[in-house]
Amino acid sequence: MHLHKYEKIWLIFGVGSLVLFLLVLGVSAFAFGHQPPSHMGKVDSQNLAQDPVFSNPGVTQINETTYQATIIAQAFGYEPSVVEVPEGSTVIFQVTSKDVVHSFTIPETNVNFMVTPGHVNMATHTFNEPGEYLVLCNEYCGTMHHMMQMRIEVTPK
Ligand code: CUA
C-alpha cells in the first residue's frame, strides 16, 4: 500500500499525540497520585442519620491548624450552611450527598469536585486570607439548583 508523504506525517502526528496524552495521563495518575475526589470512601446515603461520621455534620479541630469539615449536600443546600474557621487553617472537606449528584465548588480556589451519593468526596484547602467564601453547586440538581450554596467564614487571627 502506498501512502502519500503528507498522509504519513499526519498519521505519525496523530498516533504520536495519542501516545503523548496517554503518557501524561499515566504519569499524573501513578507518579503524582491523582485520583477521583471520592478517595474510594463509601457511605450509605439512605442512612446518613446512622452513619458514625455523617450523622453529626460540622467542623472538628484535628490539630492546631487543621480542621475537618463534614458536610452533607442535598437538594438544595448544604448541612451545615455555614462553616467557621480561623485564618491560616487547613480544612479537610469530606462531603457526601443525600440524594442526587451535586458539586462542592469554592470559586477562585482549587476546590471543585462532584458530590456523589454513596461516596465520601474529599478535598483539602488552606485559607490564608480571612473573609467570607461562597460554596456553590456546579452540577444541575433540580429546579432550585441555582440557589444551592453555603458559606465558609474565615475569621482573622
Ligand atoms: Cu446541587 Cu446543583
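Indexing begins at 1, ligand by ligand and atom by atom, following the structure's order. Just so you know, residue 1 is the first one in the sequence shown, and it goes up from there.
Among the heteroatoms counted here (N, O or S) of Glu139, O is the one nearest to atom 2 (Cu) of ligand 1.
Between the side chains of Asn121 and Thr116, at least one donor-acceptor pair of N or O atoms lies under 3.5 Å.
Within the coordination shell of atom 2 (Cu) of ligand 1, defined by N, O or S atoms under 2.8 Å, His102 is absent. Under 2.8 Å from atom 1 (Cu) of ligand 1 lies an N/O/S atom of Met148, whether from backbone or side chain. Among the backbone and side-chain atoms of Cys137, an N, O or S atom lies under 2.8 Å from atom 2 (Cu) of ligand 1.
Between the SG atom of Cys141 and the ND1 atom of His145, the angle centred on atom 2 (Cu) of ligand 1 amounts to 120° when rounded to 10°.
The aromatic rings of Tyr6 and His4 lie tilted to each other, with the angle between the two planes from 30° to 60°.
His102 and Phe104 have their aromatic ring centers separated by at least 6.0 angstrom.
The backbone N or O of Asp99 lies less than 3.5 Å from a partner atom in the side chain of Ser97, making a donor-acceptor pair. Checked by atom type and distance alone, the side chain of Ser89 pairs as donor or acceptor with a backbone atom of Pro86 at under 3.5 Å.
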